[in-house]
Amino acid sequence: MNKPFKIGRYSIKATVSIGITFYPDDSNNINDLMVQGDLAMYNVKKNGRNNYVEYNSYMKKLVTGISISEGIKYKELYMVYQPQINPKTGNIEGVESLVRWNSNTLGFVAPNEFINIAEETGTIHELGNFIIEEVFKQINIWEEMEFNIPKVSINISPIQLMNKNFYSNVNEMLEKYKVSTDKIVFEITENFAIENQKQIVDNLNAIYKSGIDIYLDDFGKGYSALGYLEKLPISGVKIDKQFMDYICENDKIIKMIFTLAESLDLNVVAEGVENNEQKEKLMNIGSCVIQGYLYSKPLSVKELETKYI
Ligand code: C2E
Ligand code: MG
Ligand code: MG
């Protein structure tokens with residue numbers, strides 16, 4: 001291909017850009033292999049052309065990022081809802097919305113996995129808006145059915161909160177679906193020092209002002225700087241499942257979290273409660289709402305309605 005082509009009086013040079021992907025190491029699916037080869041080729045073109053490049057795992061992330069967007073378009077993503085129960089009364093106090101992705105090309109992908117990739121590739125903004133819109137739509141439908149769920153939680157990635165348009169997007173959707181903010185909880189995970197990021201703090205304050213509650217998810221697991229429980233407008237904490245796993249042998253940290261929550265006037269949700277022993281232990285320590293397989297796994301809209309209407 002290096003030799004120029006002679007066309008009439010002209011001598012024309014063509015360059016070649018090649019993307020390479022390997023069967024079966026990269027994939028054993030023809031569609032994936034085609035997409036991956038293309039992607040590698042686009043990488044060559046972007047970086048000056050006339051070269052070859054092998055497909056790699058960073059590109060894989062990009063592919064997944066792109067497929068999430070496609071997944072939204074083709075309705076492969078949907079929400080399930082896990083009940084949160086008051087252990088004293090057995091009443092449903094709320095539900096947590098959790099996203100699911102049944103991809104045409106990749107099969108069922110676990111949320112932890114694709115949310116991470118969405119965060120790394122920036123797709124999280126589109127995905128996050130989709131999730132908020134789906135949940136608001138659902139709340140609106142439930143309100144019309146007079147199916148009254150006091151609180152609906154939505155997981156929000158800190159990356160979403162770095163976007164200066166985050167709050168105005170939320171506000172637009174609130175108006176579009178006429179959702180009352182006192183029904184909504186945003187759950188954020190404390191995986192890095194969010195209290196020093198001005199954009200995040202501004203967004204959190206605007207959310208709080210609008211009437212939406214903010215809870216810290218997986219509390220105690222990650223970064224856990226206690227200072228920001230006072231600095232940020234936090235209404236509650238969700239105790240991480242790892243503490244529930246050994247609550248029957250050792251409940252010191254859980255007790256400490258209840259004490260902390262009481263003195264800061266925070267609500268407590270205990271997550272990942274799987275059996276009655278754990279529930280009894282919790283009820284002896286203090287009052288909280290319980291979410292876990294003991295009561296229910298995450299349910300489809302239909303299952304939830306059948307169980308609780
Ligand atoms: P998370 O927000 O802490 O959600 C709780 C996870 O624990 C859910 O897993 C739920 O199914 C699981 N779980 C609940 N009760 C039990 C139990 O009793 N035992 C056990 N073993 N597990 C229990 P899931 O749905 O796989 O979600 C995993 C994580 O993915 C979530 O953790 C959250 O960080 C993220 N995620 C899920 N949906 C969304 C979403 O819509 N938006 C964002 N940003 N993140 C999401
Ligand atoms: Mg959560
Ligand atoms: Mg959690």
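Keep in mind that the numbers below use all heavy atoms, side chains included, and drop hydrogens, waters and symmetry copies. The structure displayed is predicted, hence computed values, not measured ones. Indexing begins at 1, ligand by ligand and atom by atom, following the structure's order.
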Hey, are [Y] and [X] close enough side-chain-wise for a donor-acceptor pair under 3.5 Å?
X	Y	value
E133	Y177	yes
E93	Q84	no
N267	Y215	yes
S153	E96	no

Point to revise | Charged tip of K231 within 45° of Y228 ring normal and under 6.0 Å | key: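 Negative - K231 is either too far from the ring of Y228 or too far off its axis.
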
Review point. Under 3.5 Å, side chain of E280 to main-chain N/O of E277, donor-acceptor pair present?
Key: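 Checking the backbone N and O of E277 against the side chain of E280, no donor-acceptor pair under 3.5 Å is found.
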
Review point. With no hydrogens and no angle check, is any side-chain donor or acceptor of S235 less than 3.5 Å from a backbone partner on D213?
Key: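 Side chain of S235 to backbone of D213: no pair is present.
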
Check your understanding: Are the aromatic rings of Y308 and W142 close, with centres under 6.0 Å apart?
Key ->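 Ring centroids of Y308 and W142 are no less than 6.0 Å from each other.
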
Exercise for review: Under 2.8 Å from the Mg ion (ligand 2), how many protein N/O/S atoms do you get? Just the number, please.
Suggested key: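 Near the Mg ion (ligand 2), the number of protein N, O or S atoms below 2.8 Å is 4.
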
Practice item. Might you list the protein residues in contact with ligand 1, defined as having a heavy atom under 4.0 Å from one of its atoms, sorted by chain and number? Key: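 Ligand 1 pocket, heavy atoms under 4.0 Å: M79, Q82, E96, L98, V99, R100, P111, N112, I115, I131, N155, S157, E187, D217, D218, K241, E271, G272, V273, E274, G292, Y293, P298.
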
Exercise for review: Begin with the C-alpha distance, continue with both residues' side-chain angles, and end with the deciding distance and a verdict on side-chain contact (heavy atoms from CB on, under 4.5 Å) for V237 and V269.
Suggested key: CA-CA 6 Å; V237 293; V269 179; over 6 Å; no

